[in-house]
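Just so it is clear, the values below take in all heavy atoms, side chains as well, and ignore hydrogens, waters and symmetry mates.
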Amino acid sequence: MTIRVIIVDDQAMVRAGFAALLSAQADIDVVGEAPDGRQGVEVSRNTHPDVVLMDVRMPEMDGLAAARALLDPPVGVVHRPKVLMLTTFDVDDYVYEALRAGASGFLLKDAPPADLISAVRVVAAGEALLAPSVTRRLIADFAQQRPAPRKDRSLRLKGLTPRETEVLELIARGLSNQEIAHHLVLAEQTVKTHLGRVLAKLGLRDRAQAVIFAYESGLVAPGG
């Protein structure tokens, strides 16, 4: 199955470089590009890509607004692509908000070519691109800026089993599936099963949203 991708970035050289790299892969097809968020939304609605590579900072409409438009479309628009944010910073306020809006993760623009290719495949497969090290930086950012726990989210935690709650807490603390398996003395596949149930019960899209939910619900306290 070919992965359809569009690239949204205000720098023409970045778009051209990414397009050349991705188009050289047998399983990836670059079906469009745009220089700003507004045009990116239009291109996405016309081409129906699987993955949108979205720059964070752009004129006309920034990547955050564009991600929201794509992931929470108006009535009548059915297509919702996966959105992978591109940034020059490893932690950016826009990135947090984009993940909260439903983006599948983010990637540094200066990441090695192999990482870009892998990121597109990971996101297209429905996984979140949020490495443990990135999760920990996201948590540090959350600790400095985020509000008090939300009661509606803390109530939803009651639908989880003790083990599912434990897995969610460890995910929020930045542990990988392998680390969680070691910590809880479980098979890694069992951890993946628990994570899948957590996402389904809480109505979350992926690991990125699970981390944010854990903090907004008060399950995990920043710095705790």
Student: Is there a side-chain contact between P113 and L116, using heavy atoms and a 4.5 Å cut-off?
Tutor: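 Side chain of P113 against side chain of L116, heavy atoms only: no contact under 4.5 Å found.
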Student: Identify whether the distance between the nearest side-chain nitrogen and carboxylate oxygen of E166 and R163 falls below 4.0 Å.
Tutor: yes
Student: Please list every donor-acceptor pair under 3.5 Å in which a side-chain atom of residues 185-192 meets a protein atom from a residue at least two apart or in another chain.
Tutor:
none

Student: Quick one: CE on M85 to CZ on R57, what's the gap to the nearest 0.5 Å?
Tutor: 10.5 Å
Student: For residues A103 and L71, report the shortest heavy-atom separation together with the two atoms involved.
Tutor: N-CD1, 3.3 Å
Student: How long is the span from the CZ atom in R68 to the CG atom in D72, to the nearest 0.5 Å?
Tutor: 10.0 Å
Student: Within this structure, what is the CE-CG distance for the pair M61 and D36, rounded to the nearest 0.5 Å?
Tutor: 8.5 Å
Student: Just do the side chain to side chain contact (heavy atoms under 4.5 Å, CB included) check on F18 and L86 with the steps written out, would you?
Tutor: CA-CA 11 Å; F18 283 4; L86 299 169; 3.7 Å; yes
Student: If you look at every heavy atom in P49 and V52, which pair is closest and at what distance?
Tutor: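 Shortest heavy-atom contact: CG-CG2, 3.8 Å.
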Student: Assess whether a salt bridge exists between D27 and R121, defined as any Lys/Arg side-chain N lying under 4.0 Å from an Asp/Glu carboxylate O.
Tutor: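 Counted as a salt bridge, because a side-chain N and a carboxylate O are separated by less than 4.0 Å.
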Student: Tell me, with the steps shown, if I6 and V51 meet side chain to side chain contact (heavy atoms under 4.5 Å, CB included).
Tutor: CA-CA 7 Å; I6 69 170; V51 177; over 6 Å; no
Student: Sort out for me which residue in L84, V5, L107 forms a side-chain contact (heavy atoms from CB on, under 4.5 Å) with V123.
Tutor: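 When side-chain contact (heavy atoms from CB on, under 4.5 Å) is applied between V123 and each of L84, V5, L107, only L84 qualifies.
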Student: Under the rule for ring pair (Phe, Tyr, Trp, His ring centres under 6.0 Å), what residues qualify as partners of H79, not counting sequence neighbours?
Tutor: H48
Student: Closest approach of S23 and V30, non-hydrogen atoms and distance?
Tutor: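 Reported closest heavy-atom pair: OG-CG2, 3.4 Å.
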Student: Just so I know, are the side chains of P35 and E60 near enough to count as touching, which here means a heavy-atom distance under 4.5 Å?
Tutor: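 No, side chains not in contact.
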Student: Can you name the closest pair of heavy atoms from I28 and T2 and give their distance?
Tutor: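 Answer, listing the atom of I28 first, then T2: C-CG2, 4.1 Å.
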Student: For residues A210 and L199, report the shortest heavy-atom separation together with the two atoms involved.
Tutor: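 Answer, listing the atom of A210 first, then L199: CB-CD2, 4.0 Å.
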Student: Let me confirm one number: the NZ-NZ distance from K201 to K158, rounded to the nearest 0.5 Å.
Tutor: 15.0 Å
Student: Of all heavy-atom pairs between L70 and R80, which one has the smallest distance, and what is that distance?
Tutor: O-CG, 3.8 Å
Student: How many angstroms lie between atom OG of S104 and atom CE of M54, to the nearest 0.5 angstrom?
Tutor: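 So the gap between those two atoms works out to 12.0 Å.
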Student: Would a distance-only check, ignoring hydrogens and angles, find a side-chain to backbone donor-acceptor pair under 3.5 Å from D29 to V31?
Tutor: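 No.
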Student: Rounded to the nearest 0.5 Å, how far does CZ of R156 lie from CG of L204?
Tutor: 6.0 Å
Student: Do L168 and L157 touch side chain to side chain, with heavy atoms closer than 4.5 Å?
Tutor: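 In contact.
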Student: Can D50 and K82 be said to form a side chain to side chain contact (heavy atoms under 4.5 Å, CB included), step by step?
Tutor: CA-CA 6 Å; D50 300 302; K82 305 293 185 183; 6.0 Å; no
Student: Between I171 and V211, is there a side-chain heavy-atom distance shorter than 4.5 Å?
Tutor: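 V211 reaches I171 side chain to side chain.
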Student: Do E33 and V43 touch side chain to side chain, with heavy atoms closer than 4.5 Å?
Tutor: no
Student: Does E42 come within less than 4.0 Å of R38, counting only side-chain N to carboxylate O?
Tutor: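 Looking at E42 and R38, the cut-off is not met.
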Student: Is any side-chain heavy atom of T87 closer than 4.5 Å to one of K109?
Tutor: no
Student: Does F213 offer a backbone N or O that forms a donor-acceptor pair with the side chain of S217 under 3.5 Å?
Tutor: yes
Student: Report yes if some heavy atom in the side chain of V8 is under 4.5 Å from a heavy atom in the side chain of D55; otherwise report no.
Tutor: no
Student: Is the shortest side-chain heavy-atom distance between I3 and L22 below 4.5 Å?
Tutor: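 The answer is no; the side chains never approach within 4.5 Å.
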Student: After noting the C-alpha distance and the side-chain angles of R15 and D10, does the key distance pass the salt bridge (Lys or Arg N to Asp or Glu O under 4.0 Å) rule?
Tutor: CA-CA 8 Å; R15 296 197 307 272; D10 61 337; over 6 Å; no
